[in-house]
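Below, chains carry the letters A, B, ... as their sequence lines are ordered, and counting in each starts from 1.
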Protein chains: 2
Amino acid sequence: MNAAEHSTLTPGDRTTRTVGAKRVTIGDVAARAGVSKSAVSFVFNNRPGVSAAARERILRAADDLGWQPSARARALSRSRTQAVGLVIRREPELLSTDPFFPLFMAGVEIGLSEQNYSLVLQVVKDQHGERDAYERLARESRVDGVFLTDVRAGDTRPRDVGALGLSVVVVAPEEADTEADVVIGMDDAAGVRRAVHHLHSLGHRHIGHVMGVPGYVHTEARRRAWEDTLDELGLPVGPVVTADFTGSSGARATHELLDLPRPPSAIVYGNDLMAIAGISAATDRGIRVPEDLSVVGFDDIPLAPYIVPPLTTVRQNVVAWGTAAAQTLVALVEGKEPPEIRLPSVEFVVRGSTGPTRHRRPS
Amino acid sequence: MNAAEHSTLTPGDRTTRTVGAKRVTIGDVAARAGVSKSAVSFVFNNRPGVSAAARERILRAADDLGWQPSARARALSRSRTQAVGLVIRREPELLSTDPFFPLFMAGVEIGLSEQNYSLVLQVVKDQHGERDAYERLARESRVDGVFLTDVRAGDTRPRDVGALGLSVVVVAPEEADTEADVVIGMDDAAGVRRAVHHLHSLGHRHIGHVMGVPGYVHTEARRRAWEDTLDELGLPVGPVVTADFTGSSGARATHELLDLPRPPSAIVYGNDLMAIAGISAATDRGIRVPEDLSVVGFDDIPLAPYIVPPLTTVRQNVVAWGTAAAQTLVALVEGKEPPEIRLPSVEFVVRGSTGPTRHRRPS
DNA sequence: GTGAAAGCGCTAACAT
DNA sequence: ATGTTAGCGCTTTCAC
């Protein structure tokens, strides 16, 4: 009946009509179940007001017809898309090596699919593209909320994006103090603290740091943790070199540190990629790891155990982080109270790239 | 006026109304420009039938009001979402190490954003989840088309998903013979062929292979290229071990090969991760790379140059691949002729992990 | 508890 | 060339 209507009203229908009239609608389901459209709608939105018997028939009819509410129509009438956005800004080199995003996305998916939300992804290469992406996502009403990553100190994006009418969840280390609705954070600092303690207990007294791109909250959180821990241990704050998370920058930074009049006996890197490049750089100069130099990374990429020597590093549960962020964002979008988040704590993985100092007395 | 209408007609409006009436619609723009809604619609869809003057006024009005067509409403009335889907099925370990997806997605974005399409992403962990994902994407009408990756020989997904009414672009090496609308392929085989030739010219006569998860088109394409090339060169087909693209499987496979009565003097791996783990495994046994064993990877991950020794490997332009796939899918969705695709050819990157054989005469 | 009808904001026939 | 109008498929009052 509805189908007949269609073929009458839209004779120019271009959709693949293999067998005749196609798209099943709520009307078809209602007709088949012998109820009104609103009854069907009520059932599919877990609303009261439908008798158990009718409910049964409706579900059966929908199943028979293979019907499911159209997200398109639903989005329009509810003014909500039931989708959230993630904009990734990243340089090509880092893109394919960054262990964060794939895991984070996987985690987000878990949290999102529980609630039947979709993830709209956008990869951009610069800040300009990022602004545009958020603008478009908001103006076109493609998503109800977004995740904000790679947060900088004093980042204005939370406010900007919020002004666009989107819900926002900021994904950053706990230290981040941004004017955001909600921050979901991991404890980067704890990992670095454990790394420094580990090196200290191996007898290292001169511990350097290679940091990532300055300005990012996670870069600074790691650097500060390194600094503070040295301080707590009564050690002088060792040399620090700024890099940018890429392998080449890590290699260069390592050479800089080793060129120092008094090079450090251990280096804590802002990520694994730089640490591995650092090992390579040291090896090139005939400096052995860990005999002459101890190296600690950050991330625990899957390759870390297969580096020679295997890399000592810090591991976060990024998947859990993503799931928590997703659950929170969905709650925000729906105006509910965000769930209590309890993230697993950081792990410190000791492998072969760290060892006792040769020339100094162990602690 | 339109605003007044709204506040009358939808008194229960729950949207964030900070200052009063909110959402700007096409009606507001039309009113401001002194034309009808269809005129506005025509302008924003690049359709003829609007005078230059009116067009000007309309664009001005839209800009003043900060208006842009709502993707939600548009999707409903056009029966097209202007979004495409990508479903990623991957094990956790491989997820964060797979160099393919991030680059592919970045490429897809380039192709998509040209046409103002969005990417809906879904990460699933098993085949069951994958089926569900496609079903949902189709039934909820969330996307107009999808990319299919990780294709297996005789894969039925192209047909299955096509039956759901979605356009499909299959992303796989050229060899793939699947019943798909369109296959966008790279030439994996060419890379492996060059690798084998390179090893041959270094004097290697006994060349092994560590392959990835059996059944995938790209796994088989690489294995067959290795085999065929050995054949062409008149060399015996060396030993091959099946692995699964993970580091641990690569290490295990390497041990297996080296345990052979007559171990190969060179090994071609199905990806870099396994190759690097292979180097680590060899090193553990006191076998030096490349002096005692030459190693070739596949992918050229950003870490490849920083491995000790730096990894010789095959590089594809995955970003270009993604862009081509996206352009093709959009064309398919819109019923246009897909553009002629011209993918850059494979590169073979010689670094330190391959060297001349010691005991045999060079070619 | 159930059904009718008015939107949600845009597109596309159709009429002018 | 411009305006009118009927959908797109669902949600949600509001009477019955």
Side-chain angles (χ1 to χ4, degrees), chain A residues 2-3 5-15 22-31 33-55 57-58 62 65 67-82 139-142, chain B residues 2-3 5-15 22-31 33-55 57-58 62 65 67-82 139-142:
Chain A
N2 193 313
E5 247 174 59
H6 282 186
S7 44
T8 314
L9 296 173
T10 58
D13 192 346
R14 296 289 215 80
T15 55
K22 276 281 294 194
R23 179 145 204 86
V24 179
T25 76
I26 194 174
D28 301 327
V29 176
V35 298
S36 73
K37 296 196 295 177
S38 41
V40 179
S41 175
F42 276 38
V43 168
F44 274 79
N45 288 291
N46 302 313
R47 269 223 213 328
V50 181
S51 67
R55 179 188 191 73
R57 291 208 312 281
I58 290 170
L65 265 39
W67 178 84
Q68 208 158 324
S70 152
R72 295 205 269 254
R74 213 184 246 223
L76 184 58
S77 70
R78 297 207 293 207
S79 304
R80 270 204 279 112
T81 309
Q82 213 161 106
R139 300 250 292 240
E140 289 191 346
S141 300
R142 282 234 179 239
Chain B
N2 193 312
E5 249 173 56
H6 282 186
S7 44
T8 315
L9 295 174
T10 59
D13 191 345
R14 295 292 214 80
T15 56
K22 276 282 293 195
R23 179 144 204 88
V24 180
T25 78
I26 195 174
D28 300 328
V29 176
V35 299
S36 73
K37 294 197 297 176
S38 44
V40 178
S41 177
F42 274 40
V43 168
F44 274 78
N45 289 292
N46 302 315
R47 269 220 211 332
V50 181
S51 67
R55 179 189 191 72
R57 291 208 312 283
I58 289 170
L65 265 39
W67 178 84
Q68 207 158 322
S70 152
R72 295 205 269 252
R74 211 188 257 228
L76 184 57
S77 70
R78 296 208 293 207
S79 304
R80 272 205 278 111
T81 310
Q82 212 161 105
R139 301 251 292 241
E140 289 191 345
S141 299
R142 282 232 178 242

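Atom CG in A:Asn46 sits about 12 Å away from atom P in D:dT12, given to the nearest Å. Residue A:Arg142 contributes atom CZ, which lies 17 Å from atom P of C:dG9 at whole-angstrom precision. At whole-Å resolution of the value, CZ in B:Arg74 and P in C:dA12 are 9 Å apart. Remark: P of D:dC8 and CZ of A:Arg78 are 21 Å apart, rounded to the nearest angstrom. Nucleotide C:dC8 holds its C1' atom 15 Å from the CD1 atom of A:Ile26, rounded to whole Å. At whole-Å resolution of the value, CZ in A:Arg47 and P in C:dG1 are 15 Å apart. Distance, B:Phe44 CZ to C:dG9 P: 16 Å, rounded to whole Å. Following rounding to the nearest Å, A:Arg80 (CZ) and C:dG9 (C1') show an atom-to-atom distance of 17 Å.
Contact annotation for B:Arg72: no contact, since no heavy-atom pair falls under 4.0 Å across all strands.
For the atom pair OG of B:Ser51 and CD1 of B:Ile58, the computed distance is 7.5 Å after rounding to the nearest 0.5 Å. Within the model, atoms OG of A:Ser77 and CG of B:Leu76 stand 9.0 Å from one another, a figure rounded to the nearest 0.5 Å.
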| said: Under the criterion side-chain contact (heavy atoms from CB on, under 4.5 Å), I'd like the reasoning laid out for B:Asp28 against B:Thr25: C-alpha separation, chi angles, the key distance, then a yes or no. | reply: CA-CA 5 Å; B:Asp28 300 328; B:Thr25 78; 3.9 Å; yes

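For the pair A:Arg72 and B:Ser79, the minimum side-chain heavy-atom distance is below 4.5 Å. The shortest distance between side-chain heavy atoms of B:Asn45 and B:Arg74 falls below 4.5 Å.
Residues passing the ring pair (Phe, Tyr, Trp, His ring centres under 6.0 Å) test with A:Phe44 are A:Trp67, sequence neighbours excluded.
A donor-acceptor contact closer than 3.5 angstrom is absent between the side chains of B:Thr81 and B:Arg142.
For A:Ser41, the listed nucleotide lying nearest its side chain is D:dT11; candidates were D:dT11, C:dT11, D:dC8.
Closest heavy-atom contact between A:Arg55 and A:Val50: N-CG1, 3.8 Å.
Taken over five-pair windows at either terminus, the axes of the helix from C:dG1-D:dC16 to C:dT16-D:dA1 are inclined to one another by 40° (rounded to 10 degrees).
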Protein-nucleotides 1-4 of chain D N/O pairs under 3.5 Å:
| residue | atom | partner | partner atom | Å |
| --- | --- | --- | --- | --- |
| D:dT2 | OP1 | B:Ser51 | OG | 3.1 |
| D:dT2 | OP2 | B:Ser51 | N | 2.6 |
| D:dT2 | OP2 | B:Ser51 | OG | 3.1 |
| D:dG3 | OP2 | B:Ser36 | N | 2.9 |
| D:dG3 | N7 | B:Ser38 | OG | 3.3 |
| D:dT4 | O4 | B:Ser38 | OG | 3.1 |

